[in-house]
Asker: 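There's a structure below that I have some questions on.
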Protein chains: 2
Amino acid sequence: MADRKQSPNPCDRISSEGPMVREVLDRVGDKWSLLIIGTLQRGPRRFGELHQAVEGISQRMLTLNLRHLERDGLVTRSAYAEVPPRVEYELTRLGETLLEPVLALAAWVSENHSAIEANRKAFDAR
Amino acid sequence: MADRKQSPNPCDRISSEGPMVREVLDRVGDKWSLLIIGTLQRGPRRFGELHQAVEGISQRMLTLNLRHLERDGLVTRSAYAEVPPRVEYELTRLGETLLEPVLALAAWVSENHSAIEANRKAFDAR
DNA sequence: CTGAATCCTAGCAGATACTG
DNA sequence: CAGTATCTGCTAGGATTCAG
């Protein structure tokens with residue numbers, strides 16, 4: 001008991017800053033944001049390009065997600081007063097830095113997804 | 001166009017392995033799993049301890065999440081035939097390795113959450 | 001104590017149609 | 001082209017109750 005009470009290890013971040021971690025995870029962890037960010041990583045993209053690149057996303061969801069990302073300062077939105085209208089979305093510096101830990105997670109998945117699938121199979125076999 | 005077609009940069013993982021990344025994110029990104037994992041990081045915990053530690057979680061959700069984590073091989077469940085019954089949950093080796101990239105993400109949040117909040121405030125001010 | 005089963009609800013995602 | 005508006009269905013998740 002006593003040895004568990006106040007260990008000052010880095011993992012406390014998960015619980016102590018839990019709410020904030022969750023907030024960011026709510027953004028990064030939802031169905032589409034990551035795919036959008038991944039697409040934008042290669043440079044600015046127009047709304048239509050994103051709609052095409054992020055397969056299966058509805059217009060509505062794309063709009064909403066972009067708003068959220070914009071609100072958090074992860075993405076910028078630039079509308080050009082032309083005809084036809086053109087709007088470009090681009091990762092901010094902040095958005096780019098986020099990519100790093102996210103890629104670390106993606107790397108972990110790459111290494112371990114087969115193990116996970118095996119575990120699931122074994123588990124379901126019962 | 002051409003310069004964007006096949007860049008072999010590491011970020012392709014997000015799109016190319018998108019489904020798998022998403023699968024893991026569905027696990028790690030949901031409302032409770034991370035808090036559970038964070039709690040278990042300090043050692044094995046009983047059901048009741050988890051229920052208490054992970055504030056606000058319902059019995060149902062705790063059970064479901066633990067099942068999922070168990071299925072993925074991130075957590076082990078050990079039931080002891082005693083009275084009253086005792087069940088202990090513990091991170092597996094796989095679960096521990098997951099902690100590393102997750103903590104990287106948590107660290108990013110620590111560094112940037114204030115920036116994000118500022119962005120949100122500025123955005124909402126309109 | 002641990003957890004399964006049921007019921008119930010809010011909120012979110014998809015489809016569709018419309019607009020500047 | 002880049003959205004907005006509306007409607008609807010679904011399901012994640014909370015509360016409660018029962019059981020081994």
Side-chain angles (χ1 to χ4, degrees), chain A residues 1 18-19 22-37 39-40 43-72 75-90 123-124 126, chain B residues 1 18-19 22-37 39-40 43-72 75-90 123-124 126:
Chain A
M1 238 208 219
R22 281 243 31 79
E23 249 183 272
V24 173
L25 237 50
D26 281 341
R27 181 93 2 271
V28 119
D30 71 13
K31 197 173 178 184
W32 303 108
S33 295
L34 197 55
L35 295 175
I36 295 173
I37 291 177
T39 303
L40 289 179
R45 286 291 184 277
R46 304 181 50 165
F47 186 89
E49 291 182 294
L50 287 170
H51 194 198
Q52 219 184 343
V54 181
E55 207 149 343
I57 195 172
S58 66
Q59 241 177 18
R60 177 186 141 86
M61 279 301 106
L62 181 53
T63 303
L64 286 179
N65 274 280
L66 287 170
R67 286 294 167 279
H68 289 150
L69 293 171
E70 189 192 357
R71 185 169 107 101
D72 287 355
V75 160
T76 57
R77 175 182 186 277
S78 318
Y80 300 92
E82 305 171 356
V83 30
R86 181 167 56 102
V87 179
E88 288 204 336
Y89 293 91
E90 187 171 11
F123 186 91
D124 293 340
R126 308 170 214 170
Chain B
M1 238 209 218
R22 281 242 32 77
E23 249 182 273
V24 174
L25 237 50
D26 282 341
R27 180 91 6 267
V28 119
D30 71 13
K31 199 172 176 184
W32 301 110
S33 296
L34 196 55
L35 295 175
I36 295 172
I37 291 177
T39 304
L40 288 179
R45 286 291 184 278
R46 304 182 49 165
F47 187 88
E49 291 182 294
L50 286 170
H51 194 198
Q52 217 185 344
V54 181
E55 207 149 343
I57 196 172
S58 65
Q59 240 176 18
R60 177 185 142 85
M61 278 302 105
L62 182 53
T63 303
L64 286 178
N65 274 280
L66 286 171
R67 285 293 167 278
H68 289 151
L69 293 171
E70 189 191 357
R71 185 170 107 102
D72 287 355
V75 160
T76 58
R77 176 182 185 277
S78 316
Y80 300 91
E82 305 172 357
V83 32
R86 179 167 57 102
V87 179
E88 287 204 337
Y89 293 92
E90 186 172 11
F123 186 92
D124 293 341
R126 309 172 213 170

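A note on names: the letters A, B, ... follow the listed sequences, proteins ahead of strands, and every chain is numbered from 1.
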Asker: Reckon A:Tyr89 touches a base, only the sugar-phosphate, or nothing at all at heavy-atom distances under 4.0 Å?
Answerer: sugar-phosphate
Asker: Within 45 degrees of the ring normal and closer than 6.0 Å to the centroid, is that where the cationic atom of A:Arg86 sits relative to A:Tyr80?
Answerer: yes
Asker: Roughly how far, to the nearest 0.5 Å, is CG of B:Asn65 from CH2 of B:Trp32?
Answerer: 9.0 Å
Asker: What is the distance from atom CG of B:Leu40 to atom CD of B:Glu88, rounded to the nearest 0.5 Å?
Answerer: 10.0 Å
Asker: Once you round it to whole Å, what is the distance between P of D:dG3 and CE of A:Met61?
Answerer: 14 Å
Asker: Spell out protein contact along nucleotides 4-11 of chain D as letters: B when the base is contacted, S when just the sugar-phosphate is, - when no protein heavy atom is under 4.0 Å; keep the 5' to 3' order.
Answerer: B-B-----
Asker: Expressed in angstrom and rounded to an integer, what is the separation of B:Ile57 atom CD1 from D:dA12 atom P?
Answerer: 15 Å
Asker: Might you point out which heavy atoms bring A:Arg67 and B:Phe123 nearest each other, and give the distance in Å?
Answerer: O-CZ, 4.3 Å
Asker: Walking along DNA chain C from 5' to 3', note the first and the last nucleotide with an atom under 4.0 Å from a heavy atom of chain A, and give both.
Answerer: C:dA13 to C:dG20
Asker: Starting at CZ of A:Arg86 and ending at C1' of D:dG3, how long is that distance when rounded to a whole Å?
Answerer: 16 Å
Asker: Rounded to whole Å, please give me the gap between CG in B:Asp30 and P in D:dG13.
Answerer: 6 Å
Asker: Distance check needed: D:dG3 P versus A:Tyr80 OH, whole Å only.
Answerer: 13 Å
Asker: With respect to the side chain of A:Arg77, which nucleotide from D:dA2, D:dG3, D:dG13 is positioned closest?
Answerer: D:dG3
Asker: Between atom CD in A:Glu49 and atom C1' in D:dG3, what is the gap in whole Å?
Answerer: 16 Å
Asker: Taking B:Thr39 for its side chain and B:Ala53 for its backbone only, find out whether a donor-acceptor pair lies under 3.5 Å.
Answerer: no
Asker: Rounding to a whole Å, what distance do you find between A:Leu66:CG and D:dA2:P?
Answerer: 11 Å
Asker: If you take all heavy atoms of B:His51 and B:Ile57, which pair is closest and at what distance?
Answerer: NE2-O, 3.2 Å
Asker: Could you measure the distance from the NE2 atom of A:His68 to the OG atom of A:Ser33? Nearest 0.5 Å is fine.
Answerer: 8.5 Å
Asker: Expressed as a whole number of angstroms, how long is the span from B:Asn65:CG to D:dG14:P?
Answerer: 10 Å
Asker: Go through the steps to decide whether A:Arg77 and A:Tyr89 satisfy the test side-chain hydrogen bond (donor to acceptor under 3.5 Å, both in side chains), and finish with yes or no.
Answerer: CA-CA 5 Å; A:Arg77 175 182 186 277; A:Tyr89 293 91; 3.3 Å; yes
Asker: Identify the heavy atoms of B:Pro44 and B:Glu49 that sit nearest to each other, and give their distance.
Answerer: O-OE1, 4.5 Å
Asker: Starting from the 5' end of DNA chain C, give me the residue, A:Pro85 or B:Pro85, whose nearest nucleotide shows up first.
Answerer: B:Pro85
